[in-house]
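Structure record follows, encoded as structure tokens.
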Amino acid sequence: MEAVEGEKKGGVVLQGRYEIGRVLGRGNFGRVHVARDLRTGKSVAMKVVTKEKVVRAGMVEQIMREIGVMKRVSHPNIVELHEVMATRTKIYLALELVRGGELFGRIVRLGRVREDVARHYFRQLISAVDFCHSRGVYHRDLKPENLLLDEAGNLKVVDFGLSALADHARADGLLHTLCGTPGYTAPEVLRDKGYDGAKADLWSCGVILYVLLAGSLPFADDNIVTMYRKVQRGDYRCPTWLSTDARRLIPRLLDPNPSTRITVPQLVETPWFTKTSISKPISIEPPAADPAPAPACAAQEEGEKDEPETLNAFHLISLSEGFDLSPLFEGDSANGRREGGMLFATREPASGVISRLEAAAARGGGGMRVTKSGARGVRLEGSESRGTKGRLAVAADIFSVAPSVLVVDVKKDGGDTLEYRSFCSEQLRPALQDIVWAATDPPGTAAV
Ligand code: PIT
């Protein structure tokens, strides 16, 4: 870590106040350290964000939003933001220190948890999520890695880096940014036609509940396209060993139709949620030996249990074929791309993508104009009409699929197909070549 303000015998000291200690984990844009407040002797979790990284990734707004959101939500099941400090090069978030690790680690260690233990965590999760929603905050990246446990076994939600505020909704009242983690993301978010942040968060809660009880993801497949299809159809199987109440609740959460999906007021009235268990401290014992699963399900459950998979942007890119991610985004928009356009992932910030598109437009001859189009796109338009089909126009939509990972979708938006194809091969592809991200290739070796 960069020397922050001074050195003390124990380590680096920030602004004479916090002694920075060991690394707890990695958050967006930097590490999270244990730090000790030298005035009070109390420990905090210090998230250290490198300003340059945030600026380079074009994510100043995102980090400012995270700070704004965390200040707005104070709840026993949400990691508290104590204070924000900054030096010339870094931003420091002093967060409540939670020492029990990630809920995810517990599931990985135990395979799954007993229903009463799952109920305890799930109630706390819903309490935090409902509180956020009542404050107009939608987390949008709920998953077990973002759920920490304190020493008393209480759950604490963390990482509001992708959260949205209700006032970010468009005129239709819906959110439009594609974000979250594949596997936990609601089908309507993947469809990218606008979504209700509260409904989408509840879907993720449904996936978390399934993972807690089953020890595997409900929608898992080696092929990401097949997985996305399963999500869209709500195609999963409930393990037979779950209680009837759990087997009734899960489909109401994992309902692919957000308008019929269960709401929080309905959820908290369900028999599974309200069930009182004999009060005893939360134990992390593995569940009792299972009754033999019904034969029809046995093969599937076995396979899933071995590999609780978490898909991330890396998987998404590495599973894509030939840098063409188009199967993930099927629909009529694919037509323009088939004519020679492209769909690729990049770690370049949006500003870098746009400047390359501008360079390609400038080299394209005929004085192509670049204009902003919609919330997340640009349009390149020729000034003269060459064929019978009018001016060549190219639309490039840029959207975020994970922190620091963008997907760029380039399509013909007007004009002659042959002219478009030659513009793509001669100008666009060479201009974009070095920023296309392929998870398996060393940087710079990828070709569009
Ligand atoms: C811990 C313990 C703790 C806080 C954290 C981790 C924080 C993690 C974190 C925070 C973020 C973020 C990503 C991760 O974006 O008390 O092990 O704001």
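One-based numbering along the sequence shown. Counting convention: from 1, in listed order, for ligands and their atoms alike.
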Contact between L97 and ligand 1, counting heavy atoms under 4.0 Å?
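For ligand 1, residue contact (heavy atoms, under 4.0 Å) with L97 is present.
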
- Closest heavy-atom pair and its distance - P256, V231: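 For P256 versus V231, the nearest heavy atoms are CB-O, 4.2 Å.
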
> Do the ring planes of Y138 and H133 sit parallel (below 30°), tilted (30 to 60°) or perpendicular (above 60°)?
Replying inline: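 Rings of Y138 and H133: tilted, 30 to 60°.
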
Please identify which atoms of ligand 1 are closer than 4.0 Å to at least one heavy atom of [X].
X    : answer
V158 : 7 (C), 8 (C), 9 (C), 10 (C)
L148 : 1 (C), 2 (C), 3 (C), 4 (C), 5 (C), 6 (C)
L24  : 1 (C), 2 (C), 17 (O)
A45  : 3 (C), 4 (C), 16 (O)

Inset, instruction - Would you check if the side chain of N77 reaches a backbone N or O of L155 as a donor-acceptor pair within less than 3.5 Å? - result: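 Present.
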
Any donor-acceptor pair under 3.5 Å from D150 side chain to G153 backbone
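Yes.
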
Hey, mind stepping through Y92 and R17 against side chain to side chain donor-acceptor pair (under 3.5 Å) and telling me if it holds? CA-CA 12 Å; Y92 297 89; R17 293 259 321 272; over 6 Å; no

Report the C-alpha distance between T240 and R247 in whole Å, list the side-chain angles of each, state the deciding distance to 0.1 Å, and finish with yes or no for side chain to side chain contact (heavy atoms under 4.5 Å, CB included).
-> CA-CA 8 Å; T240 48; R247 289 170 62 88; 4.2 Å; yes

How does [X] reach ligand 1, if at all, at less than 4.0 Å between non-hydrogen atoms: by side chain, backbone, both, or neither?
X    : value
L93  : neither
E96  : backbone
D159 : both

>> When you measure from the centre of the six-membered ring of W272, is the NZ or CZ of R252 closer than 6.0 Å and no more than 45° off the axis?
In response: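 Ring-cation test returns no.
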
Exercise. Should one rank K47, M70, H33 by closest heavy-atom distance to atom 15 (O) of ligand 1, which comes out on top?
Worked result: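 Comparing heavy atoms across K47, M70, H33, the nearest one to atom 15 (O) of ligand 1 lies in K47.
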
Fill in: Check: V32 N/O within less than 3.5 Å of ligand 1 N/O
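No, there is no polar N/O contact under 3.5 Å.
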
